[in-house]
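Everything below concerns the one structure shown next.
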Protein chains: 4
Amino acid sequence: MSTSAASDPGARTRGRPRDPALRERILDAAATLAMTAGIELGFERIAQEAGASRTTLYRWWDSPQELLLDAMLERTRWSLDHDSEGTAAARLRAQVIDAVEILSAPDTGRPLRALAAGALTNEKVRASFIEHWLEPRRAVAATILEDGMITGEFRQDLDVQAVIDALFSPIYHRLLLTRMPLGRNFGETLWNLVEPGLSPS
Amino acid sequence: MSTSAASDPGARTRGRPRDPALRERILDAAATLAMTAGIELGFERIAQEAGASRTTLYRWWDSPQELLLDAMLERTRWSLDHDSEGTAAARLRAQVIDAVEILSAPDTGRPLRALAAGALTNEKVRASFIEHWLEPRRAVAATILEDGMITGEFRQDLDVQAVIDALFSPIYHRLLLTRMPLGRNFGETLWNLVEPGLSPS
Amino acid sequence: MSTSAASDPGARTRGRPRDPALRERILDAAATLAMTAGIELGFERIAQEAGASRTTLYRWWDSPQELLLDAMLERTRWSLDHDSEGTAAARLRAQVIDAVEILSAPDTGRPLRALAAGALTNEKVRASFIEHWLEPRRAVAATILEDGMITGEFRQDLDVQAVIDALFSPIYHRLLLTRMPLGRNFGETLWNLVEPGLSPS
Amino acid sequence: MSTSAASDPGARTRGRPRDPALRERILDAAATLAMTAGIELGFERIAQEAGASRTTLYRWWDSPQELLLDAMLERTRWSLDHDSEGTAAARLRAQVIDAVEILSAPDTGRPLRALAAGALTNEKVRASFIEHWLEPRRAVAATILEDGMITGEFRQDLDVQAVIDALFSPIYHRLLLTRMPLGRNFGETLWNLVEPGLSPS
DNA sequence: TTCTAAGCGAGACGGTACGTCCCGTCTTGAC
DNA sequence: GTCAAGACGGGACGTACCGTCTCGCTTAGAA
């Protein structure tokens, strides 16, 4: 149910059609609540905030966090598109810096905390979160890394996943747990630290 | 109240003294539940498991997660002691490998997930978790790094906190979110990746 | 909420309609418990006895005693109807004897004790108890008394409320506090005692 | 334990003697609380108010209400002494008027409500209440009535207990349940109403 | 003086009921 | 078929007292 945003356009169904505006209101409400209020996200509150019925939420989503994930996915298009020009190093560096920038913004970072909390609590949420949020972004980085390995810009024997972990997980770590400053330069610091390990010989 | 494990030895108080065996039973119950069952940790279940009264738990802890943190702190002494011999690099490398080892063990990793979930939900839990779990371990690594910087083994201009993030947060990331394999070699891979960024020029 | 037994017949409301059978089961449970067990009446036990959820009781009543009052009001129609034939004296006398009879029956008297205990503890219960239980019955007696005063059967200067007190409060007193025998003749004794004070000159 | 105010004077016991001042403070606290606050009387609050330990209260009384009864008995000596001069009618009339006066005073009436509530809830309290409070006062009235019956001032066939009920229970009824005005004249009204039923033929 | 019994305060502990919150399911009527 | 409204069972929460207990300190008479 969740994250199946599209209702197949050709599907001519009987009965009252789903209200698209309502869906938007619900997603908005979830995003707003996740940003302003704390972590406590429940169908009850979202429904109230959206002026919708709780029943409706249950019809379309299995948990508030999956709902929130839908909201986040529609509202944050970050770093799924990227330049294909320049060196692999430059492109990867830009990715890291972008990530810091976006995750430090409250309207992305805050809901992400709620999402992460959900992922830790609920296995299904975790799977969705990885599949629809983390993995697509890791894939972009992976592509760049593999490009660089092919062109010889990077070492041939890199463990791609480990590199991605080293570059990006510190950002999530600071956002979610330590709350250390996520300033502009943190991305650069991180890159400078890991970059030497990428170059050949 | 929580994490104030210290039993003031000279404190001759009036009133019935606290039952130490009971405390142990409770901490055990929490640790066990956190390892076997899922994340859902509640005073109700812990009390039942420990054969204690729910009221008693409320008397001593503010939340199940703080209770669990106490249990973890008493049961996991990991990496607060470390050799002071060998090169800084070797000692730091050992730290990373140790961390992987211990966090991948179920009786540490599982409760840690519950703890992290609590930290994301409850600000007070987060503070305690950082103060009593994360920070002491980061401090050890920080000391080694600073040693290496003084002896010239590492670059002078390292951002110590960022280095620690790069080395350790990937482990937590895999444990908590991606659940990618946390095998023996992951520590080494990580170290090999970051190490070049530590050496001077 | 309480004692608003009225089901507005025309009220076509949206939402799932209230289950009338459930309501009956709850009232029955309360009445039964109040009769058999002691005074300790709690939502917990009533819910269990009725096979209902505690939440449901809270939805409809503010206290177990108000619930019980509802039950009593629906089950005891005593002395709200009365003959309008015969002398005022005869009718009043019948009222008193009736009262003794009914209050000495366990299925009315026992719950009434619980109700009175509630009325002493909880101001709201007291108000309801007076409004819905005591007052309507006093009103009947008052009407008879006033009839008699108009026709000259009784003295003109009677303090109606005081007469009612003298005639009926001894019954409650015996039921609730002294537990002295509430036999058939007690009503007659009482009547014979007070009656001389009612006649003119 | 309760209502055994006197420590047998000859009893020379070992050990620390009971602190009489403390006992007074506790009784005072109970009386004060019963007068000002509502009905909710508990050992917890009394102990706090009296600056005593809860344990101490449990040592000496079985329930807060029994404690309160002790307090009332020591503080209210009402109508246990009475004139033995004048006609029986005059003396009985004075008794009724006195009762109204005293029960309408807040420092007697309010605690009495708490006491009555306890009597309805707890069988032991009820027994004590009747034995030490109600019965002694009824006995005085009974004596007067019997005097009058012997002298021929009253009818020979009176049901003494019923007469007492008719005269006094309305006062308790108003105090405890209806809260109708308990003014000066209520006693007289009551007397005037019942008195005709007492005189011979 | 020392011993011993009791009074007393402090506080731990198990336990019960409370009233609330949110959850997930259901049943209805309206669109 | 969608949606709002709302009843219902259920579980956990955090709190308030309750009654019992185990301490240590104190106060006395008895040995």
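Letters A, B, ... mirror the listed sequences (proteins, then strands); counts begin at 1. In what follows, every heavy atom counts, from backbone to side chain, and hydrogens, waters and symmetry copies are set aside.
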Do you know which of A:Leu67, A:Leu115, A:Leu68 makes side-chain contact (heavy atoms from CB on, under 4.5 Å) with A:Leu41?
A:Leu68
Expressed as a whole number of angstroms, how long is the span from A:Lys124:NZ to E:dG24:C1'?
14 Å
Starting at the 5' end of DNA chain E, which residue's closest nucleotide do you reach first, C:Pro17 or B:Pro20?
B:Pro20
With no hydrogens and no angle check, is any side-chain donor or acceptor of B:Thr56 less than 3.5 Å from a backbone partner on B:Ala52?
no
Heavy-atom neighbours of D:Arg25 CZ exceed 12 at 6.0 Å:
yes
Polar contact flag, side-chain donor to acceptor under 3.5 angstrom, A:Ser128-A:Glu131:
no
Can you identify which nucleotide, out of F:dT27, E:dG29, E:dC23, has its nearest atom closest to the C:Arg14 side chain?
E:dG29
Atom-pair distance (CD on B:Glu40; P on E:dC23), nearest Å
14 Å
Both B:Asp19 and D:Arg25 contact DNA chain E. Which one's nearest nucleotide lies toward the 5' end?
D:Arg25
Phosphate oxygens OP1/OP2 of E:dC8: is one of them under 4.0 Å from a side-chain N or O of D:Trp60?
yes
Is the number of heavy atoms from other residues, nucleotides or ligands under 6.0 Å of C:Glu123 CD greater than 12?
yes
Quick one: does B:Arg110's side chain have a donor or acceptor within less than 3.5 Å of a partner on B:Ala34's backbone?
no
Using the C1' atoms of the five pairs at each end, what is the angle between the end axes of the helix from E:dT1-F:dA31 to E:dC31-F:dG1, to 10°?
10°
Tell me: CG of C:Leu57 to C1' of E:dT20, nearest whole Å?
14 Å
Distance, rounded to the nearest Å, where B:Leu41 contributes CG and F:dG11 contributes P:
18 Å
Regarding the side chain of D:Arg18, the nearest nucleotide among E:dC8, F:dA7, E:dG24 is E:dC8
Integer-rounded Å distance: F:dT26 P and D:Arg59 CZ
16 Å
Can you tell me the distance, in whole Å, between the CD atom of C:Gln48 and the C1' atom of F:dG10?
13 Å
With distance as the sole criterion, do the side chain of D:Arg16 and the base of F:dT26 form a donor-acceptor contact below 3.5 Å?
yes
Without swapping roles, check the side chain of C:Arg126 against the backbone of C:Ala119 for a donor-acceptor pair under 3.5 Å.
no
Whole angstrom value for the distance that separates C1' of E:dG11 from CG of B:Leu22
14 Å
Side chain to side chain donor-acceptor pair (under 3.5 Å) against A:Glu24, all qualifying residues, sequence neighbours excluded:
A:Arg75
Spacing between A:Ile26 atom CD1 and F:dT2 atom P, to the nearest angstrom:
13 Å
Report, one pair per line, the protein and nucleotides 15-17 of chain E atoms (nitrogen or oxygen only) whose separation is under 3.5 Å.
residue: E:dG15; atom: N7; partner: B:Ser53; partner atom: OG; Å: 3.3
residue: E:dG15; atom: N7; partner: B:Thr55; partner atom: OG1; Å: 3.0
residue: E:dG15; atom: O6; partner: B:Thr55; partner atom: OG1; Å: 3.0
residue: E:dA17; atom: N6; partner: B:Arg54; partner atom: NH2; Å: 3.4

Approximate separation, where rounding is to 0.5 Å, of D:Asp28 CG and D:Glu74 CD:
9.5 Å
Under 4.0 Å: is that the gap between some side-chain N or O of D:Thr56 and OP1 or OP2 of E:dG9?
yes
For C:Arg18, I'd like to know if atom CZ has over 12 heavy atoms of other residues, nucleotides or ligands within 6.0 Å.
yes
